[in-house]
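Below is one structure, written out as structure tokens, with a few remarks after it.
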Protein chains: 2
Amino acid sequence: MIAACWHSSGANDRLSPAVITIREVAQRAKVSVGTVSNVLAGSESVRPELRRRVEQAMRELDYQPNEIARSLKTRQTKTLGAVVSDLTNPFYPMLLRGAEDAALARGYLLFILNTDDRAELEQRALSLLRARKVDGILLVTTPGSDVESTLGPGFVPPVVFVDRTPSSPTADYIVTDNRRGARMCTNHLVSRGHRRIGFVSGSTELSTGRERLDGYLEVLRQAGIEPNPVFTRHGEFRLEPAYRITKELLLESSPPTAIFAANSLTGLGALKAIHELGLRCPQDISLAVFDDVPFADVIQPRLTSIAQPAYEMGRLGAEVLIARIEEKERSAPKRIELAPELNVRESTGPAPR
Amino acid sequence: MIAACWHSSGANDRLSPAVITIREVAQRAKVSVGTVSNVLAGSESVRPELRRRVEQAMRELDYQPNEIARSLKTRQTKTLGAVVSDLTNPFYPMLLRGAEDAALARGYLLFILNTDDRAELEQRALSLLRARKVDGILLVTTPGSDVESTLGPGFVPPVVFVDRTPSSPTADYIVTDNRRGARMCTNHLVSRGHRRIGFVSGSTELSTGRERLDGYLEVLRQAGIEPNPVFTRHGEFRLEPAYRITKELLLESSPPTAIFAANSLTGLGALKAIHELGLRCPQDISLAVFDDVPFADVIQPRLTSIAQPAYEMGRLGAEVLIARIEEKERSAPKRIELAPELNVRESTGPAPR
DNA sequence: CTGTTAGCGCGTTCAC
DNA sequence: GTGAACGCGCTAACAG
């Protein structure tokens, strides 16, 4: 009787030794499947006696509810998708830890996918997630992507943008106040007497890239410094390009006395260039970076940086997304800007005179 | 007619605007659902004329097969679980990129979960994944975990261990040859004349921790150096503890002239301690670390390190796992050890005399 | 309060 | 070659 659930229909029967269904439980507890389902749902309206019998049967059979079958019926899978640009960019793991914690707390699991900032990969990721019927998507969007075209104008499933703002104005998003962060950082440099400040940028096709650049330019103008176009270089948010262009920048006839790198990767690239040219930091050149990575506080010189609340961003993102999923009627889009923080360390000093 | 698929049964009906089923397609193409299913499966035995009509109907309706329903029938979800210790340890993102690439290439999606090396969280992760009916699990296992007790003696679903070897001898695993890597690294130090070599270890409850320690001790003995127990300190594979114990270590009356850190995080901790004590590296003290992280090559001094093929490990892990899932009859467990690589850079120099 | 039953969307027989 | 009918495991509606 107990072994009655063993099938022998061949190759794809991998799961069968453990395939105890609600029906077997019902049979063993001598109740109906409906009652078992009620017990599962924690319904109050089950006589304690029966509840006890059902629970015992479950234990004896090592019953495990099948979430897939449940999903088919309830039309929700209790899964989310998280689409990021690149997991090896140290910013995203922290964000994802936050998202995971919030998701698990609400009973959701997370599919994670990378896009390498390629629109076609974002497209693929979104449609894979939709086919898997995830209940919602956390998205670090990519330039040139068209989310609406693959998810439809209604955004099905719902999407919350994190880290970068969407092209669509009607969606939720959680981002850092990048302009403010860039202003804080540039201000710090200006206040130390720097007037020739280079900017190793990310892509201006990204909201983060644009806003950080804007903040930088804004402060320069306020300080009466005419922005020198030569000082703004395109670092693609990646280490290698940043390394190359910083080297070029520092080899100019009248090089900057300080460099502001648009994220941790470009900061590392800039640092490599500085070292390689035998420059001392901060005596010869100051360096400040957007993103506070674990090693910012460890490497020599310790890096002045703008810290983003990455964990918080992920946590909030997942929470907003789940609220959106579970809401009864559509509420107004949430637009959240998180406050960045300036950590002044040894990589920035007074401008050499 | 087209709008016939719109439901209006209330709150959980979020998906309904897009819920085109195989039935609607059949109706529109004026064929039976069986035929549509055959077209979907790419069966040859469908008249071209009908196939054309079906495909057109699919396009017109923007039909999207429901993977959930398919899973329920085929008893496979085309999803994998990846359970790692901590995403913010820079080793794992690379591993996961490899796993993702291999998985996507075979049509699988990846759930990712962290355990923070806590057995109860591993347990939870495994049972969540099993309830979601993932087809297989990639596992960076944790000390004190009991995989068999939550997945059963048969390992359902199948598990491939990565990075760390399992307690169970009958499972597949893909790891680095840690002992060899540690030997290479220690050998390098010994060959530069160091005889007092400190080891900032990870947990010896982990295979990686044990094996790296073993390799280190082995080389010392071969070189006729009596291992000094004081020189082996427990760094927990984390930055903070490593920082503290390295400081202690360097404050000994007769401190080591070289330090071997068991992974990148302990390496960073050790470096912080070295800087803080005002020691010069490598003149006063040499530092070598296990794990080659992006910044190993950037920070000053550039770090001598042991590189592990993390991407490859993830890729292979997913491939072995999928092979295991799809195999007709159980084959022998695969045990793969990947070769580490020594990168000699500036953080290691000759022993001071 | 409990049992029965009709689907959820798809794949898979079999008759035709 | 095609299509009707059944079942995967579960939930929910309804009858008792």
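Sequence lines set the chain letters: A, B, ... in the order given, protein chains first and strands last, and positions in each chain run from 1. Everything numeric in this text was worked out from a predicted model, so none of it was measured.
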Taking only the side-chain heavy atoms of [X] (C-beta and beyond), determine which of [options] contains the nearest atom.
X	options	value
A:T21	C:dG11, C:dT2, D:dG9	D:dG9
B:K73	D:dT2, C:dA6, D:dC8	D:dC8
B:R47	D:dC10, C:dT2, D:dT2	D:dT2

Worksheet entry | side-chain N/O A:S32 vs C:dG3 OP1/OP2, d < 4.0 Å |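 Looking at the OP1 and OP2 atoms of C:dG3, one of them is under 4.0 Å from a side-chain N or O of A:S32.
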Discussion item. So, OP1 or OP2 of C:dG9: does either fall under 4.0 Å of a side-chain N or O from A:R75?
Written reply: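 A:R75 to C:dG9 OP1/OP2: side-chain N or O found under 4.0 Å.
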Rounded to whole Å, please give me the gap between [atom1] in [X] and [atom2] in [N].
X	N	atom1	atom2	value
A:K30	C:dT4	NZ	C1'	19 Å
B:Q27	C:dG9	CD	P	14 Å
A:L72	D:dG7	CG	P	16 Å
A:I20	D:dC10	CD1	C1'	15 Å
B:R23	D:dA4	CZ	P	11 Å
A:Q76	D:dT11	CD	P	12 Å
A:I22	C:dG7	CD1	P	19 Å
B:E24	C:dG9	CD	C1'	10 Å

Contact class for [X] (heavy atom, under 4.0 Å): base, sugar-phosphate, or nothing?
X	value
B:I68	nothing
B:V31	sugar-phosphate
B:S37	base

Worksheet item: Once the angle between the rings of B:F161 and B:F155 is folded into 0 to 90°, is it parallel (under 30°), tilted (30 to 60°) or perpendicular (over 60°)?
Response: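 Judged by the thresholds at 30° and 60°, the geometry between B:F161 and B:F155 is tilted.
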Worksheet entry | Nearest-nucleotide comparison on DNA chain C, the residue closer to the 5′ end among A:S45 and A:V33 |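 Between the two, 5'-proximity favours A:S45.
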Fill in: Side chain A:T77, main chain A:K133, donor-acceptor under 3.5 Å
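Side chain of A:T77 to backbone of A:K133: a pair is present.
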Worksheet item: Would a distance-only check, ignoring hydrogens and angles, find a side-chain to backbone donor-acceptor pair under 3.5 Å from B:R164 to B:T141?
Response: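 Flag set: sc B:R164 to bb B:T141 pair under 3.5 Å.
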Does [X] come within less than 4.0 Å of [Y], counting only side-chain N to carboxylate O?
X	Y	value
B:R118	B:E120	yes
A:R70	A:E67	yes
A:R53	A:E60	no

Would you tabulate the pairs of protein nitrogen or oxygen atoms and nucleotide nitrogen or oxygen atoms of nucleotides 13-16 of chain D closer than 3.5 angstrom?
none

Discussion item. Quiz question: by atom type and distance under 3.5 Å, do the side chains of A:S331 and A:R324 form a donor-acceptor pair?
Written reply: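 Side chains of A:S331 and A:R324: pair found under 3.5 Å.
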